[in-house]
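Read through the structure below, which is laid out as structure tokens, and then see the notes.
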Amino acid sequence: MVGASTGLSYNAPAAAPAAGAAPGTFHNVYMQPWAYREFMKTGVFPERTMLVLSFFDASRKSAPAKAGFYEGDRVPDIDIHLKRKGIDQTGWAFFGFTDGAAVGGKLPSSASCYSCHATEAAHDNVFTQFYPFLRTRLPSARH
């Protein structure tokens with residue numbers, strides 16, 4: 001696991017959340033151990049690196065919790081960001097998997113994630129600014 005967030009959105013909120021409201025969906029980001037080791041050693045994401053994004057609803061319905069939120073039910077979809085030469089002009093592509101699907105669909109290059117990652121990612125098309133373990137390898141990364 002290279003990072004987690006809750007309520008992270010790339011759009012401006014329409015209104016401030018109500019006091020005590022759930023903070024939004026939890027996002028967990030995972031990376032293969034071999035790719036992580038190579039990145040930490042070289043500062044380069046190796047070919048075939050995958051960043052896997054899973055989502056969980058925020059919950060606070062279980063005892064003994066009296067305050068705060070934790071990961072509740074898993075949202076059925078996952079997203080994968082894959083580095084592979086020739087897959088796209090950036091060398092990275094995005095795939096979406098619906099719950100239980102063995103094969104994911106490649107998102108078209110017109111999807112907003114491509115342009116957002118190209119302009120906003122701190123390093124090599126990856127939002128390393130959100131992932132504390134990765135950004136330690138890149139001291140100049142934006143955060």
Side-chain angles (χ1 to χ4, degrees), residues 1-62 65 67-143:
M1 182 175 196
V2 294
S5 63
T6 183
L8 185 66
S9 175
Y10 306 117
N11 300 314
T25 304
F26 284 86
H27 301 177
N28 295 331
V29 181
Y30 305 92
M31 183 177 172
Q32 308 103 305
W34 66 266
Y36 174 81
R37 285 190 299 272
E38 184 66 17
F39 178 80
M40 295 306 283
K41 184 171 129 185
T42 66
V44 174
F45 291 106
E47 186 72 6
R48 297 179 20 176
T49 294
M50 284 191 294
L51 295 155
V52 178
L53 179 60
S54 63
F55 309 95
F56 293 83
D57 290 328
S59 186
R60 61 176 169 194
K61 298 177 183 175
S62 289
F69 296 87
Y70 62 92
E71 293 176 357
D73 293 335
R74 187 174 68 82
V75 175
D77 299 335
I78 63 169
D79 293 337
I80 293 180
H81 191 192
L82 169 67
K83 183 174 186 176
R84 193 172 83 201
K85 283 186 176 137
I87 199 163
D88 182 77
Q89 66 187 22
T90 65
W92 288 89
F94 295 88
F95 293 82
F97 289 77
T98 57
D99 203 24
V103 177
K106 180 180 178 282
L107 300 180
S109 57
S110 59
S112 63
C113 44
Y114 289 90
S115 60
C116 187
H117 276 255
T119 60
E120 302 297 328
H123 180 75
D124 189 17
N125 228 281
V126 176
F127 288 143
T128 53
Q129 64 265 40
F130 298 146
Y131 311 141
F133 295 110
L134 300 183
R135 75 175 177 244
T136 62
R137 178 61 176 90
L138 303 166
S140 63
R142 294 178 277 161
H143 43 78

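Owing to the predicted nature of the structure, the values given are computational and were not obtained by experimental measurement.
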Within the distance-only criterion (no hydrogens, no angle test), does the side chain of His123 pair as donor or acceptor with the backbone N or O of Phe45 below 3.5 angstrom?
no
Could you tell me whether Phe133 atom CZ has more than 12 heavy atoms of other residues or ligands within 6.0 Å of it?
no
Looking at Thr49, is its backbone amide N or carbonyl O close enough to the side chain of Glu38 to form a donor-acceptor pair, meaning the two atoms are under 3.5 Å apart?
no
Any donor and acceptor pair, going by atom type alone, linking the side chain of Arg137 with main-chain N or O of Lys41 inside 3.5 Å?
yes
Is a side-chain donor or acceptor of Arg135 paired with a backbone partner of Gln129 at a separation under 3.5 angstrom?
yes
Using side chain to side chain contact (heavy atoms under 4.5 Å, CB included), reason through Asn28 and Met1 one step at a time and then give a plain yes or no.
CA-CA 7 Å; Asn28 295 331; Met1 182 175 196; 3.2 Å; yes
May I have the step-by-step check of side chain to side chain contact (heavy atoms under 4.5 Å, CB included) for Val29 and Phe130, ending in yes or no?
CA-CA 10 Å; Val29 181; Phe130 298 146; over 6 Å; no
Distance (rounded to the nearest 0.5 Å) between Thr42 OG1 and Arg37 CZ
12.5 Å
Which pair of non-hydrogen atoms, one from Met50 and one from Gln32, has the smallest distance, and what is that distance?
N-OE1, 2.8 Å
Quick check against the 3.5 Å criterion: does His117 have a side-chain atom that pairs as donor or acceptor with the backbone of Asn125?
yes
Does Leu107 offer a backbone N or O that forms a donor-acceptor pair with the side chain of Tyr114 under 3.5 Å?
yes
Between the main-chain N or O of Phe127 and the side-chain N or O of Glu120, is there a donor-acceptor pair closer than 3.5 Å?
no
Checking side chain to side chain contact (heavy atoms under 4.5 Å, CB included) for the pair Thr6/Phe56: CA distance, chi angles, key distance, verdict?
CA-CA 9 Å; Thr6 183; Phe56 293 83; over 6 Å; no
Residues Arg60 and Tyr70: closest non-hydrogen pair is CA-CE2, 3.6 Å
Could you go step by step and tell me if Phe39 and Leu138 meet the side chain to side chain contact (heavy atoms under 4.5 Å, CB included) rule?
CA-CA 10 Å; Phe39 178 80; Leu138 303 166; 3.6 Å; yes
Hey, could you give me the CG/CG distance between Leu51 and Asp79, rounded to the nearest 0.5 Å?
11.5 Å
Can you list, pair by pair, the side-chain donor-acceptor contacts under 3.5 Å of residues 84-94, counting residues two or more places apart and other chains?
residue, atom, partner, partner atom, Å
Asp88, OD2, Thr90, N, 3.1
Asp88, OD2, Thr90, OG1, 3.1
Thr90, OG1, Trp92, N, 3.1
Thr90, OG1, Trp92, O, 3.1
Trp92, NE1, Asp124, O, 3.1
Trp92, NE1, Asp124, OD1, 3.2

Check whether more than 12 heavy atoms from other residues, nucleotides or ligands sit under 6.0 Å from atom CZ of Arg48, and answer yes or no.
no
